[in-house]
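Predicted model only: the values in this text are computed from it and were never measured. Lettering of chains follows the sequences in order, A, B, ..., and the numbering in each one begins at 1.
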Amino acid sequence: MSELRVRFAPSPTGYLHVGGARTALFNWLLAKNKGGTFILRIEDTDVERSTKESVDAILEGMKWLGLEWDEGPFYQSDSFPLYKEYVQKLLDAGKAYKCYCTSEELDAKRTIAMEEGRKPKYDGTCRERVDQPAGQPYVVRFRAPKGGVTAFDDLIKGTITFPNEELDDLIIQRTDGTPTYNFCVVIDDATMRITTVIRGDDHVNNTPRQIQLYEALGFPVPQFAHVPMILGSDKARLSKRHGATSVIAYRDMGYLPEALMNYLVRLGWSHGDDEIFSREEMIQKFDIGNVGRSASVFNTEKLNWLNAHYIKNGDPERLAALLLPHLSKRRVTTRNGPDLMSVVRTLQERAQTLEEMAERAVFYYNPPTSYDDAALAKFDKELLLAVFAAVTEKLSSSPATDTAEIDGLFKEICSEKGWKMGQVGQPIRIALSGGTQAPGIGEIVATLGVEETVRRIQRVREFVAVK
RNA sequence: GUCCCCUUCGUCUAGCCUGGCCCAGGACACCGCCCUUUCACGGCGGCGACACCGGUUCAAAUCCGGUAGGGGACGCCA
């Protein structure tokens, strides 16, 4: 193990969304690539909004993607005494002070500042205050350095410099005594000896404040890497109104974890012209320096393509297992039908998602209860009946069972009767599946079995005969 | 409003640091053709971008300056 230590630190106020998943992925990749340590930390200092359900949902999402962590999960709510200790340290050193301004006063000042076109930062009313009114509620503020600049070399964005004038004295402890985010993050990252902080772009502005805190506390400052956000098709920050954002929702829509991972890793990162990455390849090739600096738009089409790729090349046995919940959702049971693995094999090249595959698999288990009339209408009644009779006879009198043999049988029928394949295949396809979109005839018959095939043809014969 | 960041095909991106091999490459999507018993898969081809304006240079997507547009942050949320 190298000295590299990274962490993913979600706040449990919702499920794991794709943006968070990508941040976690980049952390995980860097750790794996460098032989470092990946830590999971739950930032639940906001007691009001944090829930156990969210924690579970986040862990579930990470496990599904296979983003296993080496240490944790640690909960910030377990470290309150630790934060308090450091707040006191800062207070004792004169690097923090008590502020007695009320939220209402602050809000009012902020509003006025905004209206006057000034930056709405704290005006420092209590910064030099010497009296300490007993019994008065107060917050603790960090005494930020005045003048000069705070800069850092972001691994993704390059050097970023902030004039200290822009930073105000941030609150590190609330009236109720609980610590605030920017403070906890610094204490945790420092005490967990995090060497590289990889997080969302929206934290760039917090970074200089945090650096000042590291310095005031005498901690070494870690390296930072801010990954750009993921946008919706309208270029606005990705949110529910753009569709699904939850990782688990993608699982439920029939996406494979390796497909989502592959999609996410290519969103903002690239390795030459490569598109397909196995876990091993992405680990081996990942380089945080190759992550792009600009935001990227989430594109479901490309995810679909990747998912189709992984379904096409996936192990039928595994896919069959993953397909089960999507089938039961449709009240399909596979007990008395063809082997699910064989079914999967006939559908692998035709499905972009497991949902789609399940939809296409239904007919194997539930015989059609109606037929595509428009498709049927393209053939004469006499031809239809002749085809059904010929196929029934041919199948019943032949021992053929595999796809190639059965296809051969259909070719025989065509040459014997002078029919074109389209005249025979399509009616049979309708007979067996009810519609026109299905695997090859040979595949269906081989999978369904001759007996069931003949039974279904008999049924459609009756249907056509009375028309 | 202030500060910070970003800007190559519709989308994801390569190239940019170390100017010329780029009248810009790949992928998704789209369109066409081929394959074909349907739907797909696959194969081949097409469409399509250096935000804009100046400067430096023999030469700029690449370096410099400005403009415009977009995003983010500005909370006793994280």
Any idea if B:C74 is syn or anti, going by the 90°-from-0 cut?
anti
Within the structure shown, what part of the strands sits under 4.0 Å from A:Thr178 by heavy-atom distance: base, sugar-phosphate, or nothing?
nothing
My understanding is that a pair needs two contacts under 3.5 Å, Watson-Crick or G-U wobble. By that rule, which nucleotide pairs with B:U37?
none
How about A:Phe152 and A:Val221: do any of their side-chain heavy atoms sit closer than 4.5 Å?
no
Quick one: A:Ile172 CD1 to B:A78 P, roughly how many Å, whole number?
14 Å
Donor-acceptor side-chain pairing of A:Thr346 and A:Tyr364 below 3.5 angstrom:
yes
Can you tell me, in whole Å, how much space there is between the P of B:G71 and that of B:G15?
27 Å
Does A:Arg350 come within less than 4.0 Å of A:Glu443, counting only side-chain N to carboxylate O?
yes
Strictly under 3.5 Å: I want the nitrogen or oxygen pairs between protein and nucleotides 20-23 of chain B, one per line.
none

What's the CG-P distance between A:Asn262 and B:C28, to the nearest Å?
12 Å
A:Leu167 CG to B:C4 P, in whole Å, measures 11 Å
For residues 198-205 of chain A, please give each side-chain donor-acceptor pair under 3.5 Å, one per line with the distance, not counting sequence neighbours.
residue: A:Arg199; atom: NH1; partner: A:Thr207; partner atom: OG1; Å: 3.2
residue: A:Arg199; atom: NH1; partner: A:His226; partner atom: NE2; Å: 3.3
residue: A:Arg199; atom: NH2; partner: A:Gln210; partner atom: OE1; Å: 2.7
residue: A:Asp201; atom: OD1; partner: A:Lys157; partner atom: NZ; Å: 3.4
residue: A:Asp201; atom: OD2; partner: A:Lys157; partner atom: NZ; Å: 3.2
residue: A:Asp202; atom: OD2; partner: A:Arg237; partner atom: NH2; Å: 3.2
residue: A:His203; atom: ND1; partner: A:Tyr181; partner atom: OH; Å: 3.3
residue: A:His203; atom: ND1; partner: A:Asn206; partner atom: ND2; Å: 3.1

Base contacts versus sugar-phosphate-only contacts with protein, heavy atoms under 4.0 Å: please encode nucleotides 45-51 of chain B as B, S and - from 5' to 3'.
-------
Is any side-chain heavy atom of A:Leu231 less than 4.5 Å from a side-chain heavy atom of A:His242?
no
Positions of residues 412-427 of chain A (non-hydrogen atom under 4.0 Å from RNA chain B), listed by number
A:Met421, A:Gly422, A:Gln426
Round to the nearest Å and state the distance from A:Glu166 atom CD to B:G72 atom C1'.
15 Å
Counterpart base for B:A68, defined by Watson-Crick or G-U wobble contacts under 3.5 Å
B:U7
A:Val450 meets the side chain to side chain contact (heavy atoms under 4.5 Å, CB included) criterion, sequence neighbours left out, with A:Leu395, A:Val454
Counting N and O atoms only, with roles assigned by atom type, does the side chain of A:Arg41 sit under 3.5 Å from a partner on the main chain of A:Tyr75, one being a donor and the other an acceptor?
no
Pairs: protein N or O with nucleotides 73-75 of chain B N or O, under 3.5 Å:
residue: B:A73; atom: O4'; partner: A:Asn205; partner atom: ND2; Å: 3.0
residue: B:G75; atom: OP2; partner: A:Arg110; partner atom: NH1; Å: 3.2
residue: B:G75; atom: OP2; partner: A:Pro120; partner atom: O; Å: 3.2

A correct 5'-to-3' footprint of nucleotides 5-17 of chain B, with B, S and - meaning base, sugar-phosphate only and no protein heavy atom under 4.0 Å, is SSS---SBSS---
In terms of side-chain geometry, is the basic nitrogen of A:Glu105 or A:Lys109 positioned less than 4.0 Å from the acidic oxygen of its partner?
no
According to the interplanar angle, ranging from 0 to 90°, do the rings of A:Phe224 and A:Tyr214 count as parallel (below 30°), tilted (30 to 60°) or perpendicular (above 60°)?
perpendicular
In Watson-Crick or G-U wobble terms, both distances under 3.5 Å, what is the partner of B:G45?
B:C31
Partner of B:G20 under the Watson-Crick or G-U wobble criteria, both distances under 3.5 Å, comes out as B:C58
Lys/Arg N to Asp/Glu carboxylate O, A:Asp373 vs A:Lys378, below 4.0 Å:
no
Reading nucleotides 61-69 of chain B 5' to 3', which nucleotides get B (base under 4.0 Å from a protein heavy atom), which S (sugar-phosphate only), which -?
---------
Throw together a table of side-chain donor-acceptor distances under 3.5 angstrom for residues 413-437 of chain A, partners on residues two or more places apart or in other chains.
residue: A:Ser415; atom: OG; partner: A:Lys411; partner atom: O; Å: 3.4
residue: A:Ser415; atom: OG; partner: A:Glu412; partner atom: O; Å: 3.0
residue: A:Glu416; atom: OE2; partner: A:Lys394; partner atom: NZ; Å: 2.9
residue: A:Gln423; atom: OE1; partner: A:Lys420; partner atom: N; Å: 2.7
residue: A:Gln426; atom: OE1; partner: A:Arg429; partner atom: NH1; Å: 2.8
residue: A:Ser433; atom: OG; partner: A:Arg429; partner atom: O; Å: 2.8
residue: A:Ser433; atom: OG; partner: A:Gly435; partner atom: N; Å: 3.2
residue: A:Ser433; atom: OG; partner: A:Gly435; partner atom: O; Å: 3.1

Got a list of protein N/O to nucleotides 39-44 of chain B N/O distances below 3.5 Å?
residue: B:C39; atom: O2'; partner: A:Arg360; partner atom: NH2; Å: 3.1
residue: B:C39; atom: O2; partner: A:Arg350; partner atom: NH1; Å: 3.1
residue: B:C39; atom: N3; partner: A:Arg350; partner atom: NH1; Å: 2.5
residue: B:A40; atom: O2'; partner: A:Glu349; partner atom: O; Å: 2.6
residue: B:C41; atom: O3'; partner: A:Lys312; partner atom: NZ; Å: 3.2
residue: B:G42; atom: OP1; partner: A:Lys312; partner atom: NZ; Å: 3.1

A:Asp407 CG to B:U37 P: how many Å, rounded?
10 Å
What does B:G1 pair with, Watson-Crick or G-U, if both distances are under 3.5 Å?
B:C74
Extract all donor-acceptor atom pairs below 3.5 Å that involve side chains of residues 267-274 of chain A and protein atoms in other chains or at least two apart in sequence.
residue: A:Trp269; atom: NE1; partner: A:Asp287; partner atom: O; Å: 3.4
residue: A:His271; atom: ND1; partner: A:Asp274; partner atom: OD2; Å: 3.0
residue: A:Asp274; atom: OD2; partner: A:Lys285; partner atom: NZ; Å: 3.3

Where along residues 370-385 of chain A does a heavy atom come under 4.0 Å from RNA chain B, residue by residue in number order?
none
For A:Lys98 and B:C76, what is the distance between atoms NZ and P respectively, to the nearest whole Å?
19 Å
Quick one: A:Met229 CE to B:G71 C1', roughly how many Å, whole number?
6 Å
Roughly, in whole Å, what's the span from CD in A:Glu48 to P in B:C76?
15 Å
